[in-house]
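Let me begin by presenting the structure, written as structure tokens, before commenting on it.
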2 protein chains.
Amino acid sequence: MPEQPAGSRPTLEAVAARAGVSRATASRVVNGGAGVRRPLADKVREAVEELGYVPNHAARSLVTRQSGAVAVIIAEPEFRIFSDPFFEQQVRGISRELTAHDSQLVLLWVEGPGDYERIARYLGGGHVDGALAFSLHDDDGLPALVHRSKVPTVYGGRPGAGAAAVPYVDCDNRGGARTAVRHLVGLGRERVAHIAGPRDQTSAIDRADGYHDVLFDADPALTARGDFTVDSGARAMAQLLERAPDLDAVFAANDLMAAGALRVLRERGRRVPQDVAVVGFDDMVTVAAAADPPLTTVRQDVEGMGRLMVRLLMRVLNDGGDRGPGAPASVIMPTELVRRASA
Amino acid sequence: MPEQPAGSRPTLEAVAARAGVSRATASRVVNGGAGVRRPLADKVREAVEELGYVPNHAARSLVTRQSGAVAVIIAEPEFRIFSDPFFEQQVRGISRELTAHDSQLVLLWVEGPGDYERIARYLGGGHVDGALAFSLHDDDGLPALVHRSKVPTVYGGRPGAGAAAVPYVDCDNRGGARTAVRHLVGLGRERVAHIAGPRDQTSAIDRADGYHDVLFDADPALTARGDFTVDSGARAMAQLLERAPDLDAVFAANDLMAAGALRVLRERGRRVPQDVAVVGFDDMVTVAAAADPPLTTVRQDVEGMGRLMVRLLMRVLNDGGDRGPGAPASVIMPTELVRRASA
DNA sequence: GTACGCCGTGAGAGCGCTTCCACCCACTCC
DNA sequence: GGAGTGGGTGGAAGCGCTCTCACGGCGTAC
């Protein structure tokens with residue numbers, strides 16, 4: 001039965017009094033108990049239990065100068081955000097790992113460049129110990145801004161060439177693309193087309209590079225560009241069909257565009273996979289498995305990437321500013337080809 | 001050119017010194033400046049600017065006993081989380097509105113019932129001023145737990161009968177369903193089937209109720225149940241076709257199940273909408289518009305619901321514990337029928 | 001011309017916690 | 001047996017902020 005003054009939570013002071021020790025000792029026990037003799041420590045823990053003591057985060061944070069929170073900066077352009085469970089899985093991974101590190105997740109949703117000022121102020125305000133951000137377009141100003149705020153940050157996805165050398169976590173876009181294209185070639189396809197993503201996104205670039213790694217002398221007519229949306233995939237497919245009616249396979253830089261391609265192929269009477277084999281990328285749950293026919297695609301462990309981002313950040317945070325053995329290396333995660341009916 | 005001791009951020013003290021006023025006055029200006037004469041206030045603001053002063057949140061929070069943060073509790077079962085941009089939009093709306101209220105968004109991802117303990121401790125710890133949660137299944141223990149923590153909370157989605165009377169924001173599931181079914185009837189359809197959602201989710205129940213509002217004497221053979229996934233929709237459709245081969249329309253309780261239904265109808269050679277008209281619910285971007293044929297569906301303003309949740313919470317927070325004119329009423333938002341090709 | 005009141009300002013206490021430092025008490029070593 | 005050592009403990013100083021309260025100066029009313 002707690003016996004503090006009603007309406008307010010018990011303080012360390014109260015715990016100390018009840019345990020018959022000083023506040024200093026009580027504090028030590030609450031924070032792990034190193035250097036406190038057993039019987040005393042037990043008495044304190046008992047008092048904590050009885051009083052239902054929960055440390056006041058603000059007070060602790062005030063003196064330790066640590067917030068115990070990490071900002072997750074979301075700045076995806078709308079078209080991607082709304083149509084992509086990707087984000088969700090990644091945040092889930094981040095959340096899980098953060099919990100394991102006793103840290104809180106503060107979500108910062110960026111409403112376009114006009115909002116950067118606010119983000120900068122927030123980060124500069126010392127509300128969070130570190131930040132996790134996602135790389136977008138090459139010309140985005142966010143990374144520079146985050147960098148200036150001095151808050152340790154780890155990126156999801158390889159930042160564009162413009163950005164400074166920052167730790168990031170990405171999947172092996174290029175290798176995954178190679179696997180996809182090799183699979184198509186292994187199926188005996190001889191005219192493998194590529195529906196590429198936006199020029200200014202590293203994931204799209206890397207996937208296109210993977211395509212060219214395998215098909216280094218590919219006919220330029222076999223490549224069309226989309227913007228990662230279903231419609232753009234459909235348009236690209238239509239273009240390709242016009243430019244190269246003899247194509248017998250398509251590697252799309254993501255599942256959404258592959259779905260668009262599938263639609264156009266069906267409309268034009270091309271059978272998948274008999275006439276044209278199709279491979280996507282991402283293994284987006286709602287899209288790939290639900291497509292008709294179900295999509296063969298390249299899977300990446302998005303949740304795992306989220307977790308890894310947190311681990312990397314924690315390492316940076318623990319190394320402190322001492323720059324340890326250099327900034328922690330970035331991590332590239334493997335991908336996996338998921339075979340379904342489309343190729 | 002800031003002139004504080006290197007490495008540490010300027011404090012109010014520094015601002016006050018530079019402006020030649022007391023810390024108290026500086027504080028007043030920083031917090032709106034009420035009751036401070038113009039010239040002094042200007043001097044303080046100038047000092048703030050020059051020093052690049054940002055208030056220390058922990059210190060402020062320690063004395064005001066307010067965190068300026070709101071928890072968003074996510075506890076969806078996996079199947080839904082992964083396949084539903086719903087969550088994303090809602091969080092986006094919440095984030096936007098929270099920003100407008102100068103509050104931070106702390107994301108609490110619940111990893112199943114075993115994780116409730118942690119959530120309770122966090123909420124009880126006074127880290128947040130309020131919470132936003134989503135109602136799930138009737139038998140979920142979370143609402144009770146949140147309620148016990150005394151943290152003011154607003155729900156997204158009408159909580160089940162078991163929950164106490166809590167403020168919530170929901171869309172007009174029942175009315176939307178009525179509109180959908182009336183549309184089908186208006187098209188001249190005479191055998192309108194329903195693919196219902198899980199029994200223990202209020203949204204599914206309300207949508208089924210809407211169906212029965214219009215078709216109060218509907219043939220029970222015309223209703224099959226799914227669990228809001230694509231596959232379950234397909235299974236339900238197959239069942240319906242078997243039980244009532246003469247059906248000429250289907251109202252599915254969500255778009256995912258409608259997509260599953262579409263697939264089965266196509267496989268069985270039923271033309272949509274000529275033979276069977278199909279209406280979904282939610283207007284899920286990736287699903288409804290991308291379906292073949294594009295899905296006629298009921299749209300709800302998910303982002304708007306998110307924003308409303310925040311406004312409701314802010315009202316509760318501002319009314320304080322004084323219980324004002326009773327707990328704020330819940331809000332039901334209108335829905336809208338989006339006509340595409342499937343009906 | 002004096003008394004009263006009010007508004008604007010500053011001094012200072014204190015929010016709950018961590019942590020430095022001094023102290024004390026074994027215990028060991030000469 | 002006395003001095004030195006070291007680990008365990010408590011006292012107390014802040015961390016940076018808000019807010020109460022006392023004070024001083026000016027305006028108004030009598």
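Letters go in sequence order (proteins before strands), and every chain restarts at 1. All of these numbers come straight from a predicted model, not from anything done at the bench.
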Worksheet item: In whole angstrom, what separates B:Asp42's CG from C:dG8's P?
Response: 15 Å

Item to complete: Identify, with sequence neighbours excluded, every residue that meets side chain to side chain contact (heavy atoms under 4.5 Å, CB included) alongside A:Ala69.
Response: A:Ser67, A:Gln104, A:Val106, A:Val128

Worksheet item: Excluding sequence neighbours, so at least two apart, what forms salt bridge (charged side-chain N to carboxylate O under 4.0 Å, His left out) with A:Arg311?
Response: A:Glu97

Response to the item:
When the rotation axes relating C1' atoms of four end pairs to the next four are compared across the helix from C:dG1-D:dC30 to C:dC30-D:dG1, five pairs an end, they differ to 10° by 50°

Discussion item. Which residues pass the salt bridge (charged side-chain N to carboxylate O under 4.0 Å, His left out) test with B:Asp115, not counting sequence neighbours?
Written reply: B:Arg118

Response to the item:
Those residues at least two apart in sequence (or on a different chain) that pass side chain to side chain contact (heavy atoms under 4.5 Å, CB included) with A:Arg158 are A:Tyr168, A:Asp170, A:Thr202, A:Asp206

Fill in: Results of side chain to side chain donor-acceptor pair (under 3.5 Å) for A:Tyr116 - residues two or more places apart only
A:Asp140

Worksheet entry | Nearest non-hydrogen partners of B:Leu51 and B:Pro10, listed with the distance | O-CG, 3.4 Å

Discussion item. Once salt bridge (charged side-chain N to carboxylate O under 4.0 Å, His left out) is applied, do any residues pair with B:Arg23, and if so which ones, sequence neighbours excluded?
Written reply: B:Glu13

Response to the item:
Across all chains, not counting sequence neighbours, the side chain to side chain donor-acceptor pair (under 3.5 Å) partners of B:Glu46 are none

Worksheet item: Could you write nucleotides 12-21 of chain C as a row of B, S and -, 5' to 3', where a protein heavy atom under 4.0 Å of any base atom gives B, of only sugar-phosphate atoms gives S, and otherwise -?
Response: -B-BBBBBB-

Item to complete: With sequence neighbours excluded, tell me which residues meet ring pair (Phe, Tyr, Trp, His ring centres under 6.0 Å) with A:His127.
Response: A:Tyr122, B:His57

Discussion item. Under 4.0 Å from a heavy atom of chain A: give me the 5'-most and 3'-most nucleotides of DNA chain D that qualify.
Written reply: D:dG8 to D:dG16

Worksheet item: Who passes side chain to side chain donor-acceptor pair (under 3.5 Å) against B:Asn56, sequence neighbours left out?
Response: none

